[in-house]
Amino acid sequence: MITLEGLTKRYGGTTAVDSLDLTISPGRVTGFLGPNGAGKSTTMRMILGLDSPSAGTALVDGRPYADWPRPLTKVGALLDAKALHPRRSARDHLVAMARSNGVPVTRVDEVLSIVGLDTVTGKRAGQFSLGMGQRLGIAGALLGDPEVLMFDEPVNGLDPDGVRWVRELMRSLAAEGRTVFVSSHLMSEMQLTADQLVVIGRGRLIADAAVGDVIAGSSRTTVAVRIPDRTQFAVLRDRLAAEAERVDVVQERLVVTGVPAERVGDLAYELGVRLHELVTERASLEEAYMELTADSVEYGVAVAS
Amino acid sequence: MSTAILTVGTGSGLSNAVRSEWTKLWSVRSSWLNIVGAAVLSILLGMQYGWGLAYDNTHLEPGAVAEQQPIGQFGVSAMLIVQVVIAAFALLTVTSEYATGSIRSTLQWTPVRRDVVLAKAAVLVPVLFVYGVAMAAIASVAGGLTAGSWADWDATDLVVDLLSVGFYATAAGLFSAGIAWVVRSTAGTLTVAFLLLLVVPLMLGQASLRALVWTAALLPGGAGQNFLTGATDPLSPTLSAAILIAWAGGALVFGASILKRRDA
């Protein structure tokens, strides 16, 4: 479990992370989303003690990362796959890593085969492709068999097979009861991987909710109803207007925002309105995300209308 | 994902960090290249000093007396130059991590920053000592062989000279590693080390002004030369050694205090 309390990071006049309160729970994959410059990487670096917070605390199972005696057995993290000596072999890199935390060296060969790098262990890390580098970073994260895993953009540079492999790995790590905290820009991927979503923008928390709730909460998630009788159409439209966020008429259908399909169906039944169609049109996570972060895009592009 | 339960060693953070640093030091080729370079340089310098002595002793100025020289002196003289290569060996253990970004991995593995500085120093102490002794021995033998009959192969003198060079190489290397934590770049650290270990003491030591002689004696390079040559003016060899230890320890403490405060 990761607990952030009032976590803040200021660089001179700019606030990169602004009093973040957050609990990232075990047993599920928590996706960490936000536009570029939202403070995702800085937050992860503060959790690992690489950056020190200007205020607030970041705790892993109740203690700062640096206070755990063998931290790699507590938290495995891949923040930057390039943070290694390019002329050291992949295996030597992991051996040095294992020794730093008293992890037996036999574990190095285990994780290398888990990530599928067992045939290139003697190759210098600097000669690895982007995808192989990511795999080596993931091997490092798994090395200490940790309860908490953090990944910053783990599928960066991976081919479709690799992306799918990472997704299944995350799911299985969470299923084993571990805490999995993963940032990504790929919404379609997050929709498939994450259970819980944390969205930040300009260093502030925008949302912390289950993926399903984030999508359901989007204005792009609507319920469409087709009613053959024009009088009944008007009755239901007026009734829904009282409790929906908005009601539109699109191609002779009622399109309702902010009321679930169950409620629309029940109302129609109460009012004796005959329906020919009742369908929920779900937003994609990408649409829901865009809507959430519309106000906090750091490097936004003005859209000509 | 294997669900094998890991049996993790019980070593302290520092002893684990030392083992990790040892692995890191010997798993990059640049460490070995540095040693080969220093060895070649030591041989060439030793030969130059040996031939130089033989030439001087056979081309004496009027009134001068030809004397044998303990071969350890060739090692001591060579160290004036070779120390820069050894300093580079030590400082690269720090600056290469900043150059490659691997410092972020190191601090993730060993988040107690004092332990990182201590672990690197703990690995460097025996390595630098052996490195210094070995290079001085190579230069001494090379010089002794080329000096021919002018070489004094007395074993006791040689051992004392070699151990002294080992001590100096350790102190100079630790000093360089300490400032590397502050400066971070290889070029910058090498410049500072080069100036304080070699150039400035050499310049000031030539001066006749007492204040400048004192300044040179208090700088790490000057203290080192005075210690190695057994000079008693302006300070005794014991005090020169103490000054060297102070520079090495001070640089490491300063480096650790900077590292502790700085975001990785």
Side-chain angles (χ1 to χ4, degrees), chain A residues 9 11 42 45-46 48-52 64-73 75-77 79-80 82-89 91-93 95-107 110-111 113-114 124-126 137 140 142-146 168-169 172-173 175-176 178, chain B residues 1-34 92-116 118-120 123 186 259-264:
Chain A
K9 183 68 183 180
Y11 296 103
T42 306
R45 293 159 58 75
M46 285 193 284
L48 293 177
L50 289 172
D51 288 1
S52 56
Y65 176 79
D67 285 2
W68 287 101
R70 278 167 292 279
L72 295 182
T73 63
V75 183
L79 293 202
D80 177 4
K82 289 263 175 284
L84 44 74
H85 198 301
R87 286 180 297 282
R88 190 174 281 128
S89 78
R91 187 169 188 282
D92 283 340
H93 170 74
V95 167
M97 186 177 186
R99 292 206 166 125
S100 71
N101 275 245
V103 172
V105 172
T106 50
R107 175 69 180 160
E110 261 175 58
V111 292
S113 79
I114 291 172
R124 289 187 202 167
L142 299 175
L143 188 69
D145 198 20
E168 282 163 9
L169 178 72
S172 72
L173 289 168
E176 287 165 14
R178 302 175 207 254
Chain B
M1 178 74 204
S2 85
T3 46
I5 291 153
L6 268 189
T7 335
V8 178
T10 48
S12 73
L14 181 58
S15 71
N16 285 329
V18 169
R19 282 154 51 80
S20 178
E21 290 300 335
W22 180 267
T23 307
K24 276 161 47 175
L25 180 63
W26 301 117
S27 59
V28 286
R29 205 173 52 181
S30 59
S31 300
W32 298 102
L33 288 177
N34 177 286
L92 273 170
T93 62
V94 177
T95 58
S96 76
E97 296 220 359
Y98 280 101
T100 60
S102 57
I103 185 67
R104 296 193 295 279
S105 290
T106 300
L107 295 178
Q108 185 188 332
W109 307 348
T110 309
V112 179
R113 302 201 170 176
R114 187 193 55 226
D115 283 356
V116 177
L118 282 175
K120 282 195 192 285
V123 166
T186 305
L259 179 68
K260 212 168 175 176
R261 276 185 276 125
R262 192 162 50 201
D263 283 345

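Labels below follow one simple rule: chain letters A, B, ... track the order of the sequence lines, proteins then strands, and each chain is numbered from 1.
Closest non-hydrogen pair, B/Thr23 versus A/Asp92, comes out as CG2-O, 4.3 Å. Across all their heavy atoms, A/Leu72 and B/Gln108 have their closest contact at CD2-O, 4.2 Å.
Counting non-hydrogen atoms of neighbouring residues, nucleotides and ligands closer than 6.0 angstrom, the CZ atom of B/Arg29 reaches no more than 12 such neighbours.
Applying the side-chain contact (heavy atoms from CB on, under 4.5 Å) test to A/Arg91 and every residue at least two apart in sequence or in another chain returns A/Ser89, A/Val95, A/Val105, A/Val108, A/Asp109, A/Leu112, A/Thr121. Considering only residues two or more places apart in sequence or on other chains, A/Ser113 meets the side-chain contact (heavy atoms from CB on, under 4.5 Å) condition with A/Asp118. By the ring pair (Phe, Tyr, Trp, His ring centres under 6.0 Å) test, A/His93 is found to be paired with B/Trp109, residues two or more places apart in sequence or in another chain being considered.
Rounding to the nearest 0.5 angstrom, the gap separating the CZ atom in A/Arg70 from the OG atom in B/Ser12 is 9.0 Å. Note that CZ of B/Arg113 and CG of A/Leu50 are 6.5 Å apart. Values are rounded to the nearest 0.5 Å. Rounding to the nearest 0.5 angstrom, the gap separating the OG1 atom in B/Thr110 from the CE atom in A/Met97 is 10.0 Å. Taking OG of B/Ser27 as the reference point, atom CZ of A/Arg87 lies at 11.5 Å (rounded to 0.5 Å). How far NZ of B/Lys24 is from CG of A/Leu84: 11.0 Å, rounded to the nearest 0.5 Å.
Each of A/Pro69, A/Pro64, A/Gly49, A/Pro71 has some count of heavy-atom pairs under 4.5 Å with chain B, and the biggest count is that of A/Pro71. Chosen from A/Leu48, A/Asp80, A/Val111, the residue pairing most often with chain B at heavy-atom distances under 4.5 Å is A/Asp80. Between chain B and the residues A/Pro104, A/Ala77, A/Gly140, A/Ala83, the largest count of heavy-atom pairs under 4.5 Å involves A/Ala83. Interface summary for chain B: among A/Arg45, A/Arg124, A/His85, A/Met46, the most heavy-atom pairs under 4.5 angstrom belong to A/His85. With respect to chain B, the highest number of heavy-atom pairs below 4.5 Å among A/Ser100, A/Ala98, A/Gly144 belongs to A/Ser100.
Side chain of B/Ser20 to backbone of A/Ala96: a donor-acceptor contact under 3.5 angstrom is found.
For the pair B/Arg104 and A/Leu79, the minimum side-chain heavy-atom distance is 4.5 Å or more.
Contact annotation for A/Ser52: both backbone and side-chain heavy atoms come within less than 4.5 Å of a heavy atom of chain B.
Taking 4.5 Å as the heavy-atom cut-off, the residues of residues 94-101 of chain B that approach chain A are B/Ser96, B/Thr100, B/Gly101, ordered by number.
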